[in-house]
Amino acid sequence: MKDLQAIPLQEPTNLWITASIMICLGLICLCKVLYEERFLRFLALPIEPRYFIIKKNEHKLSFPFNTLLFTFNCLVAGIVLNLIARDHYPELLTREFIFFIQVVFGFGVLMLVKYFAEKMLANLFLMENIIEDYLFFKFSHRHYLALAIFPLCIIDVYTHLLGGYAFLIISVAFLIINLLFILKYYRKKGLLIFNNLFYFILYLCALEIAPYFILYKVVTILN
């Protein structure tokens, strides 16, 4: 029998991205260990809506389970954008780790600013319950998509099998799925949206589209 030999990576893997992946795995393990029943409901989210039937205080982003998933989501966003930039925008990666930190920090701050801005608007227009449910719905599906794309990130980091346009196409597909989830919610609230159409369009432009454009411009300018 011939001796088995390890096949070295063609390119050295940065330690920081390995550390980021280990942190992500640690966050998922904490969710599983500390909140097992809720985590199992979360995994069944696409086929079983029981996950949304929880206590009132557990809707909030400050609830530990939601905070763990939010942190995981920010790290995955940084890894995904780093992998896309590696294949299509290498000029952004002159300082790869700095770019990753900028994306994670920028994405996290953006999500928090949007979250609290939407909460303030809810209080202003006396729509706390509706907005609270919407934010929980939106964040839950976003966290689930981050969990779904995370294994693909690991594969691409260590094998480059999804290099080129494959990983970009997969990422866009996940964004489209996220959009479909949100549209599904909008459809359920169709009458409410129709009666407040002007405010809804204003909300989309100010809090759903503009922040991502601002984040993109900030990251590209800093690099």
Which residue pairs pass the salt bridge (Lys or Arg N to Asp or Glu O under 4.0 Å) test with at least one member in residues 61-83, sequence neighbours excluded?
none

Residues in side chain to side chain contact (heavy atoms under 4.5 Å, CB included) contact with Ala44, at least two apart in sequence or another chain
Ile47, Glu48

With side chains defined as the heavy atoms from C-beta onward, is the minimum distance between Leu40 and Glu36 less than 4.5 Å?
yes

Drop me the distance from Gln102's CD to Phe97's CZ, to the nearest 0.5 angstrom.
11.0 Å

Sequence neighbours left out, cut at 3.5 Å: what donor-acceptor pairs do the side chains of residues 70-81 make with other protein atoms?
unit_1, atom_1, unit_2, atom_2, d
Thr71, OG1, Thr67, O, 2.9
Asn73, ND2, His143, ND1, 3.1

Looking at side-chain heavy atoms only, is the closest gap between Asn82 and Trp16 below 4.5 Å?
yes

Would you say the side chain of Phe100 lies within less than 4.5 Å of the side chain of Ile17, judging by non-hydrogen atoms?
no

Partner of Ile21 under side-chain contact (heavy atoms from CB on, under 4.5 Å), chosen from Ile23, Thr18, Leu25
Leu25

Gap separating the NE2 atom of His141 from the CG atom of Leu145, nearest 0.5 angstrom:
8.0 Å

May I ask you to say whether Lys138 pairs ionically with Glu118, meaning some side-chain N is under 4.0 Å from a carboxylate O?
yes

Verify ring-ring contact (aromatic ring centres under 6.0 Å, His included) between Phe63 and Phe136, making sure each step is shown before the conclusion.
CA-CA 11 Å; Phe63 186 71; Phe136 183 62; 9.5 Å; no

Ring centres of Phe139 and Tyr115 under 6.0 Å apart?
yes

Between the main-chain N or O of Leu43 and the side-chain N or O of Tyr144, is there a donor-acceptor pair closer than 3.5 Å?
yes

Mind checking the CG-CD1 spacing from Leu68 to Ile28? Nearest 0.5 Å is all I need.
8.5 Å

Could you measure the distance from the CG atom of Asn66 to the OG atom of Ser140? Nearest 0.5 Å is fine.
6.5 Å

Reported SG-to-CG distance for the pair Cys29 and Leu34, which is rounded to 0.5 angstrom:
10.5 Å

Is there a side-chain contact (heavy atoms from CB on, under 4.5 Å) between Phe39 and Val33 once you walk through the steps?
CA-CA 9 Å; Phe39 183 71; Val33 172; over 6 Å; no

Spacing of SG belonging to Cys31 relative to CZ belonging to Arg38, to within rounding of 0.5 Å
9.5 Å

